2 protein chains.
Amino acid sequence: MTPVKNIPRHQKLYEVLRKHISDGLYREGDLLPSENELCHLFGMTRPTVRQALSTLANDGYIKKHQGKGSIVHHLPREIGILSVSGTTSAIGDRNLQTDIIIRPVLIPWPDNFIFPLSEIEKESGCIYMERLRFLEGVPIFYDITHIANMNLPRITSRQFENRSLFMILREHYHIEIKGVEQRIKAIPASLKISRFLNLKKGEPVLHLERKLETNNPVLFLYSSIFCNTEKYSIFGRF
Amino acid sequence: MTPVKNIPRHQKLYEVLRKHISDGLYREGDLLPSENELCHLFGMTRPTVRQALSTLANDGYIKKHQGKGSIVHHLPREIGILSVSGTTSAIGDRNLQTDIIIRPVLIPWPDNFIFPLSEIEKESGCIYMERLRFLEGVPIFYDITHIANMNLPRITSRQFENRSLFMILREHYHIEIKGVEQRIKAIPASLKISRFLNLKKGEPVLHLERKLETNNPVLFLYSSIFCNTEKYSIFGRF
DNA sequence: ATAATTATCTTGTATTTACAAGTTAATTAT
DNA sequence: ATAATTAACTTGTAAATACAAGATAATTAT
């Protein structure tokens with residue numbers, strides 16, 4: 001079986017431009033090459049180019065202006081956890097350090113799980129892990145992840161330190177994140193949470209419960225994230 | 001001058017389908033008519049139909065499946081404040097009651113405003129209002145809004161009770177919301193906030209700071225929202 | 001010199017056509 | 001009857017073409 005090669009051309013262009021913006025090749029306020037320029041730069045037609053730009057605009061990388069062009073948006077300096085891409089890629093690998101609290105282990109699903117589970121998920125058991133993420137030495141995220149144990153061989157023995165879970169899933173298991181459903185609350189820190197996030201018990205903590213959909217229609221990732229928003233905010237753009 | 005009439009066809013279709021989903025004509029899990037069916041139902045071509053469906057999918061109303069069709073998503077029962085549409089339309093006018101704490105008034109911009117302001121905004125002064133929103137009798141949102149006083153005649157004398165600010169801006173001033181930038185934090189309730197939201201002082205409150213972009217490139221809405229998330233969660237889908 | 005017009009750039013909308021790829025149901029061979 | 005194949009759907013990708021509409025710079029008329 002040959003490796004995945006049939007990446008659509010619009011997606012390819014999207015990734016190139018996205019990388020250029022992330023790398024700072026195009027800076028905030030810059031005008032991207034016009035659609036027609038991109039067309040014969042990359043040898044594709046305008047609808048294809050427009051699809052790539054549309055996705056970029058949707059993800060908040062650019063802003064389109066009729067008659068003017070596509071303007072590069074300033075990248076969120078804050079923590080872009082509201083984006084689908086996963087924290088590591090959004091904030092940059094350099095600044096976000098990840099500690100593994102509990103290595104991936106196989107456990108039965110907890111009773112009264114936060115999200116309803118399908119029969120297939122219940123039968124396969126679940127992979128559990130806990131991570132703590134630091135930004136400039138300050139603990140920001142305490143992250144509990146549940147994944148159904150379906151076709152993920154040897155995942156319990158992989159190295160997750162300073163690597164995005166999304167990246168590992170993508171490179172080793174060809175799993176892509178397709179969508180997110182999430183609930184956000186402000187809760188008082190429990191004793192456990194307060195210790196991890198270096199706060200006092202009862203201090204406000206942002207709690208996100210996320211269900212991530214993948215390209216495998218029966219495989220979901222569930223994560224419960226506790227954020228210390230004392231210094232940083234969660235950032236989102238639409 | 002004739003009223004706005006040049007609404008793009010894809011947008012028209014989007015609004016029709018969106019309304020049908022909101023009204024429950026299409027229910028959760030239902031398959032939308034296929035793209036080709038929609039084509040000759042509405043007399044347009046597939047790219048046009050696809051653009052409408054793409055926007056619907058983007059807004060979380062449907063989910064597209066290659067080879068299968070477009071499946072209607074269950075509407076978020078929770079408070080969809082993370083969507084651009086504004087709270088009133090998201091949750092339905094019936095359930096959300098709005099109290100005006102401070103009627104729209106003209107004030108100078110506060111010092112150290114949460115968002116940086118342009119010179120034009122600073123010169124025009126600002127319209128200020130405070131609202132409290134209830135869901136089933138429970139106070140959920142305490143909402144502080146700042147708008148630059150530009151071409152909004154008689155806005156200080158309009159009735160905002162149980163009507164969406166977005167609706168008034170749309171119908172009377174042709175202002176459409178085009179994008180949102182927001183920061184989310186968990187903070188302890190101040191005495192003032194705790195009284196409005198019927199909480200104890202220091203209890204966790206969700207704080208959203210939003211900058212809303214409009215179709216007028218120099219006009220922004222700024223709102224600072226404090227949420228009681230004890231009973232309800234903020235919901236989002238991507 | 002200034003103002004109005006025009007030309008030329010940009011993105012937005014829309015049609016037409018063609019084929020690829022995933023899903024499902026009907027058909028056929030075993 | 002069951003399993004494999006085929007056909008008929010569905011959405012996804014991609015091209016070529018045309019004109020509309022907003023923005024900007026060059027031109028022209030005053």
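A quick note: this is a predicted structure, and the numbers were derived from the prediction, not measured. Here is how names work: the chains are called A, B, and so on, in the same order as the sequence lines, proteins then strands, and each is numbered from 1. Just so you know, these numbers use all the heavy atoms, side chains as well, and skip hydrogens, waters and symmetry mates.
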Query raised in the report: Across all strands, who's sitting opposite dT30(D) as a Watson-Crick or G-U wobble pair, both distances under 3.5 Å?
Result: dA1(C)

Query raised in the report: Between the side chains of Y128(B) and E130(B), is a donor N or O closer than 3.5 angstrom to an acceptor N or O?
Result: yes

Requested in this report: Would you kindly give the CG-to-P distance between L53(A) and dT10(C), to the nearest whole Å?
Outcome: 13 Å

Report task. Describe the nucleic acid contact of T48(B) in one word from base, sugar-phosphate, nothing, applying a heavy-atom distance below 4.0 Å. Result -> sugar-phosphate

Show the distances under 3.5 angstrom between N or O atoms of the protein and N or O atoms of nucleotides 22-27 of chain D.
{"residue": "dG22(D)", "atom": "N2", "partner": "G67(A)", "partner atom": "O", "Å": "3.0"}
{"residue": "dA23(D)", "atom": "O4'", "partner": "G67(A)", "partner atom": "O", "Å": "3.2"}

Query raised in the report: With the threshold set at 4.0 Å, does a side-chain nitrogen-carboxylate oxygen contact exist between K63(A) and E213(B)?
Result: yes

Query raised in the report: When we call it a touch if two heavy atoms are under 4.0 Å apart, what does S34(B) touch: a base, just sugar-phosphate, or nothing?
Result: sugar-phosphate

**Report entry** dA14(D) OP1/OP2 closer than 4.0 Å to side-chain N/O of Q51(A)
**Finding:** no

Requested in this report: In whole angstrom, give the distance that lies between atom CG of N36(B) and atom P of dT16(C).
Outcome: 13 Å

Query raised in the report: Under 3.5 Å, is there a donor-acceptor pair linking the side chains of R210(B) and Y222(B)?
Result: no

Query raised in the report: Atom CD1 of I62(B) and atom C1' of dG12(D): how far apart are they, to the nearest Å?
Result: 14 Å

Query raised in the report: Could you state the CD-P distance from E35(B) to dG12(D), rounded to the nearest angstrom?
Result: 6 Å

Requested in this report: Go through the side-chain N and O atoms of H207(B) and S224(B) and say whether any donor and acceptor fall under 3.5 Å apart.
Outcome: yes

Query raised in the report: Nearest-Å distance, CG (L31(A)) to P (dT11(C))?
Result: 9 Å

Requested in this report: Send over the distance from I7(A) CD1 to dA14(D) C1', rounded to a whole Å.
Outcome: 17 Å

Report task. Nearest whole angstrom, please: distance from the C1' of dT11(C) to the CD of E37(A). Result -> 13 Å

Query raised in the report: With distance as the sole test, does D30(A) use its side chain to make a donor-acceptor pair with the main-chain N or O of R27(A) at under 3.5 Å?
Result: yes

Query raised in the report: Under 4.0 angstrom, heavy atoms only, what part of the nucleic acid is R50(A) near: base, sugar-phosphate, or nothing?
Result: base

